[in-house]
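Small disclaimer: the values here were computed from a predicted structure and weren't measured.
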Amino acid sequence: MSGDATDGRYASVTPAGCYYATESVVPTPERERLLGLMRGAETPALEALGGADGDSIGALVEAGFVTLRPAPERLPPKSLVELLPSLLPALSELGRVVLSESRQGLFLDYVGVGAEEAEELAALGSRLRKTADRVTGLLAGRLELDSRAFAVVDPAGSSEVGFWPLHIGPNVFTLTVLGIPRFNSPQFRLLVWVLIERYGENRPDPVPSPA
């Protein structure tokens with residue numbers, strides 16, 4: 001993309017791109033490029049993206065997964081634990097959310113529910129993730145369903161509580177959202193970016209317990 005009107009711009013992954021990048025563990029070229037864009041603490045300049053990565057940005061922009069900005073964006077200089085209280089309430093219409101790491105069975109933070117309920121929801125999310133792993137052949141194969149989210153729904157089919165996976169490196173984080181999720185938000189984007197920047201390498205990083 002060098003030499004055109006996009007020179008000097010910065011590739012910022014949108015909330016939709018964050019969702020696509022983490023909703024499944026199945027690798028795709030688009031998913032790998034989106035994850036790569038978020039592995040640093042600053043949005044990369046297009047001129048720094050050589051080869052296939054630079055050439056693919058246009059397609060990601062067309063898909064709504066990336067937007068081009070005139071200046072770089074940087075992650076706040078805060079720890080994950082410091083950021084979560086300002087991020088989680090915005091992810092639910094009811095302000096009731098639990099973030100957990102399903103493979104370790106840990107909950108990182110919660111809002112709108114009690115500590116006991118948060119711990120039980122984290123444990124339930126962990127069991128559901130194991131179920132999803134066992135039935136991958138049915139869901140992704142025979143039924144051609146890419147989503148690994150589970151939900152308790154009302155008679156109209158609306159989610160009352162949903163369990164949404166975030167596949168990041170070797171970790172599977174789960175967002176348990178009571179009420180309608182609000183993932184098309186700056187807070188969701190920032191949460192995913194922080195998690196990828198800190199836990200996105202292919203190595204098991206320790207996940208902090210809630211304070």
Side-chain angles (χ1 to χ4, degrees), residues 10-46 48-49 52-54 56-57 59-61 63-69 72-88 90-91 97-104 106-109 122 125-126 129 132-133 146-149 163-177 181-210:
Y10 296 81
S12 177
V13 180
T14 65
C18 290
Y19 183 85
Y20 176 78
T22 58
E23 68 173 334
S24 173
V25 72
V26 178
T28 67
E30 295 80 10
R31 185 166 286 133
E32 290 302 311
R33 291 182 184 116
L34 289 168
L35 291 170
L37 292 174
M38 292 185 283
R39 287 196 177 107
E42 181 177 304
T43 50
L46 290 185
L49 299 174
D53 282 337
S56 68
I57 294 299
L60 294 175
V61 171
F65 292 162
V66 168
T67 186
L68 301 180
R69 299 185 181 277
E73 298 172 287
R74 296 176 180 85
L75 286 176
K78 295 182 179 180
S79 69
L80 177 62
V81 172
E82 291 174 315
L83 288 171
L84 288 178
S86 65
L87 300 181
L88 294 186
L91 306 184
V97 179
V98 177
L99 175 65
S100 59
E101 204 294 322
S102 294
R103 287 182 175 160
Q104 298 181 40
L106 301 175
F107 69 92
L108 279 71
D109 205 354
S126 180
R129 293 275 63 79
D133 290 342
D146 290 332
S147 177
R148 298 295 183 273
F163 300 83
W164 306 83
L166 301 174
H167 295 89
I168 297 174
N171 302 298
V172 182
F173 296 91
T174 297
L175 275 171
T176 302
V177 178
R182 290 178 170 170
F183 294 161
N184 189 25
S185 65
Q187 291 85 356
F188 177 73
R189 173 181 175 269
L190 180 55
L191 173 64
V192 171
W193 186 8
V194 170
L195 291 173
I196 290 173
E197 192 269 334
R198 295 173 190 183
Y199 305 106
E201 297 297 331
N202 292 320
R203 53 186 172 80
D205 287 332
V207 176
S209 299

Measuring from atom [atom1] of [X] to atom [atom2] of [Y], what distance do you get when rounded to the nearest 0.5 angstrom?
| X | Y | atom1 | atom2 | result |
| --- | --- | --- | --- | --- |
| Q187 | L83 | CD | CG | 11.5 Å |
| F183 | T22 | CZ | OG1 | 9.0 Å |
| L87 | L195 | CG | CG | 9.0 Å |
| Y10 | L46 | OH | CG | 9.5 Å |
| Y19 | F188 | OH | CZ | 7.5 Å |

Contact check, side chains of [X] and [Y], non-hydrogen atoms, under 4.5 Å:
| X | Y | result |
| --- | --- | --- |
| L175 | L88 | yes |
| L37 | L49 | yes |
| T176 | F107 | no |
| S24 | R31 | yes |
| L99 | L191 | yes |
| R182 | L91 | no |

So which pairs with a foot in residues 185-195 pass salt bridge (Lys or Arg N to Asp or Glu O under 4.0 Å), sequence neighbours left out? E73-R189
[X] and [Y]: which non-hydrogen atoms are nearest, and at how many Å?
| X | Y | answer |
| --- | --- | --- |
| S100 | A122 | CB-CB, 3.7 Å |
| M38 | A21 | CE-CB, 4.2 Å |
| V172 | H167 | CG2-CD2, 3.8 Å |
| P181 | V177 | CA-CG1, 3.8 Å |
| G17 | V13 | C-CG1, 3.7 Å |
| R69 | S12 | NE-OG, 3.5 Å |

Set out, in order, the CA-CA distance, both residues' side-chain angles and the distance that settles side chain to side chain contact (heavy atoms under 4.5 Å, CB included) for L75 and L190, then state yes or no. CA-CA 8 Å; L75 286 176; L190 180 55; 3.6 Å; yes
Are D109 and V81 close enough, and set up right, to give a side chain to side chain contact (heavy atoms under 4.5 Å, CB included), and what steps lead you there? CA-CA 8 Å; D109 205 354; V81 172; 6.0 Å; no
Donor-acceptor pair, side chain of T14 and main chain of G64, under 3.5 angstrom: yes
Using the side chain to side chain contact (heavy atoms under 4.5 Å, CB included) rule, take L68 and I57 through it: C-alpha gap first, then chi angles, then the decisive distance, then the call. CA-CA 9 Å; L68 301 180; I57 294 299; 4.0 Å; yes
Aromatic plane relationship, Y199 with F173 - under 30° parallel, 30 to 60° tilted, over 60° perpendicular: tilted
Do R39 and L35 pass the side chain to side chain contact (heavy atoms under 4.5 Å, CB included) test, and can you show the C-alpha distance, the side-chain angles, and the key distance before you say yes or no? CA-CA 6 Å; R39 287 196 177 107; L35 291 170; 3.8 Å; yes
With E30 via side-chain contact (heavy atoms from CB on, under 4.5 Å) - residues at least two apart: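 So E30 forms a side-chain contact (heavy atoms from CB on, under 4.5 Å) with Y20, T28, L60.
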